[in-house]
Amino acid sequence: PNAWTLLSLLPAVAGMAALIQGRLGWGLLLFSLSAFIDIVDGTVARVTGQASIKGAFIDGVVDRYVELLLYLGLLLYLGRGEYLGLPREVWFMLLFFGSLMTTFVRAYADHRGVVKGEAELKKMGGLLERFERLMLLYVGMLLGLFDPQWLMAAVALTAALANATALQRIAFAIKQTG
């Protein structure tokens with residue numbers, strides 16, 4: 001299963017290269033392949049009885065790198081410009097920060113013992129977890145084949161919802177402390 005996890009990096013790197021070359025359709029296809037491989041790794045681990053803490057750790061780390069490759073690729077594909085009065089780079093920083101904070105808040109709440117137990121951690125939920133973030137961006141990429149403004153709208157919406165999710169999780173964690 002860990003080999004499958006690491007394999008998901010290859011189409012992500014190729015997807016970023018495609019985006020840098022201005023090939024949005026190829027980028028979408030390659031990042032979709034990476035996502036499919038990411039689903040396969042967990043399935044293989046469960047079916048073969050090889051699921052492990054180490055594997056889950058590697059999967060989570062690789063997931064963050066795949067997201068970084070996607071965000072960098074999209075930023076370089078879109079280039080400089082503005083959207084809703086902000087430079088595109090600001091939208092991507094908000095997207096990256098929101099994505100990291102969504103994951104960080106859950107991990108830090110667990111680390112500090114603010115939220116105890118796997119069941120309670122799962123209750124943190126939120127508007128937009130990783131799967132939903134990626135799906136929104138993939139739909140934006142698909143629509144971006146017709147008009148790049150759709151892609152930028154998906155980036156801005158994903159950035160806003162990722163940060164809203166992080167804030168939801170922060171509020172949930174604080175509420176648990178009484």
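Worth saying up front: this structure is predicted, and the values here are computed from it rather than measured.
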key: Working for side chain to side chain contact (heavy atoms under 4.5 Å, CB included), residues Phe92 and Leu78   = CA-CA 11 Å; Phe92 277 93; Leu78 287 166; 3.9 Å; yes
CA sep, side-chain torsions, deciding dist, call: Asp110, Val115, side chain to side chain contact (heavy atoms under 4.5 Å, CB included) = CA-CA 6 Å; Asp110 182 39; Val115 177; over 6 Å; no
task = Go through the steps for Tyr108 and Val105 under the test side chain to side chain contact (heavy atoms under 4.5 Å, CB included), then give the verdict.
result = CA-CA 5 Å; Tyr108 202 61; Val105 170; 5.9 Å; no
From CA spacing to verdict: side chain to side chain contact (heavy atoms under 4.5 Å, CB included), Arg106, Glu129 = CA-CA 11 Å; Arg106 178 180 279 162; Glu129 296 197 42; 3.8 Å; yes
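Looking only at distances, a side-chain donor or acceptor of Asn163 sits under 3.5 Å from a matching main-chain atom of Leu94. Within the 3.5 Å criterion, the main-chain N or O of Gly42 finds a donor-acceptor partner in the side chain of Arg46. Distance alone, capped at 3.5 Å, places no donor-acceptor pair between the Thr165 side chain and the Thr102 backbone. The closest donor-acceptor contact from the side chain of Tyr138 to the backbone of Phe31 lies under 3.5 Å. Here the side chain of Gln176 pairs no donor or acceptor atom with the backbone of Ala173 at under 3.5 angstrom.
Of all the heavy atoms in Thr43 and Ile39, the pair that sits closest is OG1-O, 3.0 Å. The heavy-atom pair separating Gln168 from Leu127 by the smallest distance is OE1-N, 2.8 Å. Of all heavy-atom pairs between Leu151 and Leu137, the closest is CD1-O, 4.4 Å. Of all heavy-atom pairs spanning Ala159 and Trp91, the tightest one is CB-O, 3.7 Å. Of all the heavy atoms in Tyr83 and Ala156, the pair that sits closest is CE2-CB, 3.8 Å. Here the closest heavy-atom approach between residue Arg64 and residue Leu100 is recorded as CD-CD2, 4.4 Å.
Between Lys54 and Asp59 there is no salt bridge, since none of the side-chain N atoms of the basic residue sits less than 4.0 Å from a carboxylate O of the acidic one. One finds no salt bridge joining Arg88 and Glu82 here, because no Lys/Arg side-chain nitrogen approaches an Asp/Glu carboxylate oxygen to under 4.0 Å.
Here the straight-line distance linking atom CG of Leu28 with atom CG of Leu70 works out to 9.5 Å at 0.5 Å rounding. With rounding to the nearest 0.5 angstrom, the CZ atom of Phe104 is 8.5 Å from the NE2 atom of His111. Rounded to the nearest 0.5 Å, atoms CH2 (Trp150) and CG (Leu157) are 11.0 Å apart.
Both Leu145 and Ile20 are part of a single hydrophobic cluster, where members link through side-chain heavy atoms under 4.5 Å apart. Cluster annotation: Leu143 and Val155 are assigned to distinct hydrophobic clusters (Ile/Leu/Val/Met/Phe/Trp/Tyr, side-chain heavy-atom contacts under 4.5 Å, transitive). Both Leu33 and Trp4 belong to a common hydrophobic cluster when Ile, Leu, Val, Met, Phe, Trp and Tyr are linked at side-chain heavy-atom distances under 4.5 angstrom. Neither Leu10 nor Tyr65 shares a network with the other; the hydrophobic side chains, linked directly or stepwise wherever heavy atoms of I, L, V, M, F, W or Y lie under 4.5 Å apart, form separate groups for each. Residue Val90 is grouped with residue Leu72 when hydrophobic side chains (ILVMFWY) are merged at heavy-atom distances under 4.5 angstrom, including chains of intermediate members.
Side-chain contact between Phe36 and Ser8: absent, with no pair of heavy atoms (C-beta onward) separated by less than 4.5 Å. Side-chain atoms of Ile53 and Phe57, non-hydrogen and from C-beta on, never get closer than 4.5 Å to each other. Looking at heavy atoms from C-beta onward, Asp38 lies out of side-chain contact with Val66 at the 4.5 angstrom threshold. Two residues are said to be in side-chain contact when any heavy atoms from C-beta on lie closer than 4.5 Å; Asn2 and Gln50 fail this criterion. Within the 4.5 Å cutoff, the side chain of Leu161 has no heavy atoms near those of the Thr158 side chain. Residues Met141 and Leu29 form no side-chain contact, since every pair of their non-hydrogen atoms from C-beta on lies 4.5 Å or further apart. Within the 4.5 Å cutoff, no side-chain heavy atoms of Met101 are placed close to those of Arg169. Two residues are said to be in side-chain contact when any heavy atoms from C-beta on lie closer than 4.5 Å; Leu167 and Ile170 meet this criterion.
At a cut-off of 3.5 Å, with distance as the only test, a side-chain donor of Ser99 or Arg133 sits close to an acceptor on the other residue.
In this structure, Arg23 places its CZ atom where only 12 or fewer heavy-atom neighbours from other residues, nucleotides or ligands lie under 6.0 Å away.
A side chain to side chain contact (heavy atoms under 4.5 Å, CB included) with Thr5 is found for one member of Asp41, Asp63, Val44, Ile37 and no other, namely Asp41.
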